[in-house]
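One structure is given here, and the rest of the page talks about it.
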Amino acid sequence: MDDKDSFLHLARPLGPAQVGAQPVTAPLSVTIQPQAIFSILDHSLRRNPDQDRVIGTLLGTRSEDGTEVEIRNCYAVPHTETAEQVEVDMEFQKTMLSLHLRANPREVLVGWYATSAELNTFSALIQNFYGQQGDGTWPHPAVHLTVSTEPGREIEARTYISAPIGVTAERADESCLFIPVPYEIKYGEADKSGLELIAAAKDSEDRSVGVMGDVESLERAIEQVLEMLARVSNYVNEVIDEEASPSNALGQFLMNALSLAPKVDPADIERDFNNHIQDVLVVSYLANTIRTQIDLSNRLATAALTLGPESTGGATGGEGGQKDRQDRRGDRNKGRQQQNRSAES
Amino acid sequence: MADPTTYTASSPLKGVQVEALVVMKITKHSSQTFPTIATGALVGMDVNGILEVTNCFPFPTVDVPSQDGHQDTSNLAAAAPRAKANVAYQAEMIKHMRDVNVDANNVGWYMSTNMGNFVNLNTIENQFFYQRDINERTVALVYDVNRSSQGSLSLHAFRLSPQFMSSYRENKFTTESLQKSGLRYQDILVELPLTIHNSHLLTSLLHQLPTPPPSEELKFPADLADLKSDRLTKQPPFDPNYDALDLSIDPFLEKTCDLLLESIEAHHTELNNHQYYQRSLGREQAKITAWQQKRKAENAARVAAKQTPLPEDEWQRLFKLPTEPSRLESLLNSRQVEQYARQVDGFTPAVSGKMFAVKSNLLPGEGA
């Protein structure tokens with residue numbers, strides 16, 4: 001997300017190994033799914049006015065050796081912070097964790113987040129709480145994600161893990177060494193259409209957008225592609241006319257792209273095209289026919305008794321007439337079913 | 001709870017506004033549990049007739065061993081919103097969410113579906129449960145996993161119409177009651193217009209994520225590798241989504257045909273049920289008439305013999321008329337077919353447009 005500064009990430013054992021524990025290496029990569037970030041941003045907007053930052057728990061999955069962590073979900077945890085002390089609602093954290101795990105049994109506790117880029121003594125304290133034995137992520141290190149949410153600035157995310165550090169045993173609880181680790185924001189195929197719509201709202205004044213239909217989104221995509229093609233062909237023309245400076249790399253790239261165009265027989269295309277367009281139209285036609293028929297069937301079913309006074313008076317006569325209708329309708333349905341089957345095959 | 005008829009007359013819900021966070025959470029949950037149906041609760045608030053959905057959480061699913069058959073698990077999952085354990089879960093979750101300043105009002109539930117195959121008794125019962133017991137102002141968000149993977153997001157907000165609510169409350173779906181209430185299958189579900197809303201911070205974040213190509217002059221890349229590793233070319237932008245250009249026709253058609261056939265079969269079963277009912281009704285009525293005539297004749301004989309006539313309305317005790325099967329299933333089925341047909345209608349223009357484009361691209365000169 002931000003290329004402003006870079007770290008050299010080294011995998012190495014963290015601090016002195018506890019007795020009986022395997023030395024733990026740093027998770028080498030952290031993947032964050034967009035919904036976790038969205039959730040953190042939402043939480044940051046809902047903080048109390050006097051709070052500078054809010055914290056929450058990160059949930060996700062961890063690969064077997066603990067070197068890959070995927071942050072999938074998160075929830076907010078209330079906490080209060082003053083100059084002297086920090087208080088995290090442990091009870092809340094525990095119940096919320098169990099509630100979340102009931103709905104997502106495959107997710108585990110991986111760490112915590114804070115909505116300011118700052119790391120301080122309290123961060124270390126909370127970090128040690130999340131990384132502790134028992135309720136924490138031990139023996140894996142807890143991942144700490146900071147997302148800066150200052151208005152008007154870029155949103156910067158950082159991920160850290162920690163190593164124990166301490167001058168004396170008493171102070172070990174409130175100090176630790178935060179080691180930056182690399183992360184990536186990744187979205188799945190399934191999220192794509194959702195993100196598209198969300199991204200469509202980003203330039204509008206009221207930050208909202210309606211749900212688009214298939215055709216509209218197709219239109220937008222085609223327009224965009226046409227624009228890009230025009231731009232490329234414009235550039236190529238300019239190079240040919242010696243108005244723009246040529247670039248070998250771009251030329252090579254365009255050659256590669258053009259060589260992907262398939263060579264097919266026109267007759268094949270014609271045939272395939274006709275087959276498919278017929279399929280589409282037939283299914284569309286059938287679907288609408290069926291809709292009409294079923295609509296008709298429903299109307300007839302409820303209309304049968306409103307034929308007139310004689311049908312409401314003599315129940316048998318009315319019912320008989322209705323039955324007759326239904327029989328006929330049934331036959332028609334059968335006919336349609338066969339029709340549909342033959343169309344499908 | 002307010003009476004639905006007076007309520008809607010006073011201030012109907014005008015629309016639904018969904019936060020981007022909710023969209024992402026629903027897509028994530030739905031694609032994770034696919035093909036099982038995913039369900040969850042929505043929280044938010046109602047601002048001047050616009051229902052703002054600001055957060056959501058999934059319902060825990062009961063993990064049944066898959067040996068029990070697919071049908072069972074999917075049924076269980078679909079019934080989750082009104083399961084007793086989940087009502088408690090929901091209350092607990094909302095209580096905790098209140099502590100972190102989330103809008104802690106239940107405004108409905110969401111479910112995932114496949115190819116618009118969601119109009120069934122389970123959905124109706126869930127929404128009925130929500131609209132009746134919890135809060136009148138609730139919606140069901142339906143997210144179509146399959147359709148969304150083919151291009152544009154398919155998320156719709158539905159409510160049950162007041163008419164349907166009152167019919168369903170009495171559970172009366174006989175021919176007669178349908179005529180009286182004038183309820184048609186088109187009136188079962190009311191779709192509300194849905195908009196997606198982003199927070200300011202999110203807008204800020206989105207401007208940092210992949211975007212359409214910049215329009216200003218760019219420096220030339222040094223070589224091919226440089227071009228490929230460029231940050232701008234690595235990921236396509238979110239908007240517009242080039243997945244919409246994908247040309248996949250057959251899977252959609254196949255699936256639609258299957259689903260339509262299924263619906264027709266269901267319709268047929270319903271018809272058969274009704275025919276059976278009509279036949280047995282006719283039979284019973286014939287029997288009653290026969291009995292009445294016999295009794296009349298008997299009575300005439302008894303009067304002639306100066307005996308007291310036997311009561312003539314005893315048939316009501318002796319014979320029982322069959323109860324009319326509920327028309328609800330066929331109503332829902334009709335609504336489902338309508339849904340499929342609309343879906344195909346939406347699909348056809350887009351795909352035929354794409355096909356003509358492909359054709360004229362591969363056969364230049366012919367199409368033009």
Side-chain angles (χ1 to χ4, degrees), chain A residues 1 34-35 38-39 41-42 45-46 76 78 96 99 102-103 149 155 190-191 193-202 207-212 214-215 217-218 220-221 224 247 249 252-253 266 269 273 276-277 279-280 283-284 287-288 290-291 294 298 302 316 319 323 326 330 333 337 344, chain B residues 20-21 23-25 27-28 31 58 60 93 96 99-101 148 151-153 178-179 194-199 201-206 208 220-221 223-224 227 238-242 244-245 249 253 257 264 268 271 275 278 285 334 337-338 340-341 344 346 348-351 355 359 362-363:
Chain A
M1 195 194 311
Q35 52 266 27
F38 283 25
S39 198
L41 294 180
D42 181 71
L45 285 172
R46 290 174 188 283
M96 206 57 173
L99 283 176
R102 261 168 68 194
T149 52
I155 291 166
D191 300 333
S193 55
L195 282 169
E196 176 197 12
L197 209 55
I198 293 165
K202 77 179 171 190
R207 294 169 285 124
S208 58
V209 69
V211 173
M212 282 184 291
D214 280 347
V215 182
S217 79
L218 178 71
R220 288 165 59 96
Q224 192 81 31
S247 155
Q252 218 174 337
F253 184 78
I269 299 170
F273 174 80
H276 278 108
I277 202 97
D279 281 357
V280 172
V283 172
S284 159
N288 279 302
I290 293 166
R291 166 162 67 169
I294 288 200
N298 268 305
T302 46
T316 358
E319 300 284 2
K323 181 186 158 193
Q326 278 187 338
N333 272 329
Q337 240 167 313
E344 201 196 17
Chain B
L21 168 68
V23 177
M24 291 315 294
K25 277 192 165 179
T27 53
K28 175 210 164 202
S31 53
M93 200 70 162
H96 279 84
D99 287 353
V100 284
N101 303 338
S148 298
S152 63
L153 181 85
L178 283 183
Q179 275 170 349
L194 187 134
T195 48
I196 310 270
H197 181 260
N198 296 347
S199 67
L201 274 177
L202 193 62
T203 313
S204 174
L205 174 76
L206 284 171
Q208 293 173 258
F220 285 118
D223 52 22
L224 202 56
L227 185 70
F238 292 139
D239 171 52
N241 185 351
Y242 298 122
L245 296 174
I249 309 167
L253 293 183
C257 282
I264 293 175
H268 208 70
L271 275 186
Q275 280 170 20
Q278 304 283 11
Q285 268 166 344
S334 312
V337 169
E338 202 198 354
Y340 292 147
V344 173
T348 318
V351 85
M355 281 178 57
K359 187 194 173 200
L362 291 173
L363 297 174

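These numbers come from a predicted model, not from an experiment. The figures that follow rest on heavy atoms only: side chains count, while hydrogens, waters and symmetry mates do not.
Counting heavy-atom pairs under 4.5 Å between each of B/Leu194, B/Leu201, B/Asp99 and chain A puts B/Leu201 at the top. Interface check for chain A: of the options B/Val23, B/Thr27, B/Val100, the most heavy-atom pairs under 4.5 Å are formed by B/Val100. Among the candidates B/Val344, B/Ile196, B/Thr195, B/Val337, the residue making the largest number of heavy-atom pairs closer than 4.5 Å to chain A is B/Ile196. Chain A forms more heavy-atom pairs under 4.5 Å with one residue of B/Ser31, B/Ser334, B/Pro349 than with any other, namely B/Ser334. Taking chain B as the reference chain and counting heavy-atom pairs below 4.5 Å, the highest number among A/Ile277, A/Leu99, A/Leu41, A/Val283 is found for A/Leu99.
A/Ile269 touches chain B through its side chain: at least one heavy atom from C-beta onward sits under 4.5 Å away, while N, CA, C and O do not. Both the backbone and the side chain of A/Pro78 come within less than 4.5 Å of a heavy atom of chain B.
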Worksheet item: Given the rule in the side chain to side chain contact (heavy atoms under 4.5 Å, CB included) test, do B/Lys25 and A/Ser39 qualify, once you have shown the distances and angles that lead to the verdict?
Response: CA-CA 9 Å; B/Lys25 277 192 165 179; A/Ser39 198; 4.3 Å; yes
Discussion item. As a quick check of understanding, evaluate side chain to side chain contact (heavy atoms under 4.5 Å, CB included) for B/Ser199 and A/Asp42, giving each step before the final call.
Written reply: CA-CA 8 Å; B/Ser199 67; A/Asp42 181 71; 5.9 Å; no
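Atoms OG1 and CG, on B/Thr348 and A/Asn288 in that order, are 8.0 Å from each other to the nearest 0.5 Å. Put simply, CZ on A/Phe273 and NZ on B/Lys359 are 5.0 Å apart, with the number rounded to the nearest 0.5 Å.
Considering all non-hydrogen atoms of both residues, B/Pro60 and A/Arg102 come closest at CB-O, 3.2 Å. The nearest pair of heavy atoms linking B/Ala341 to A/Ala287 is CB-O, 3.9 Å. Between A/Ala103 and B/Pro58 the shortest heavy-atom distance is CB-O, 3.6 Å.
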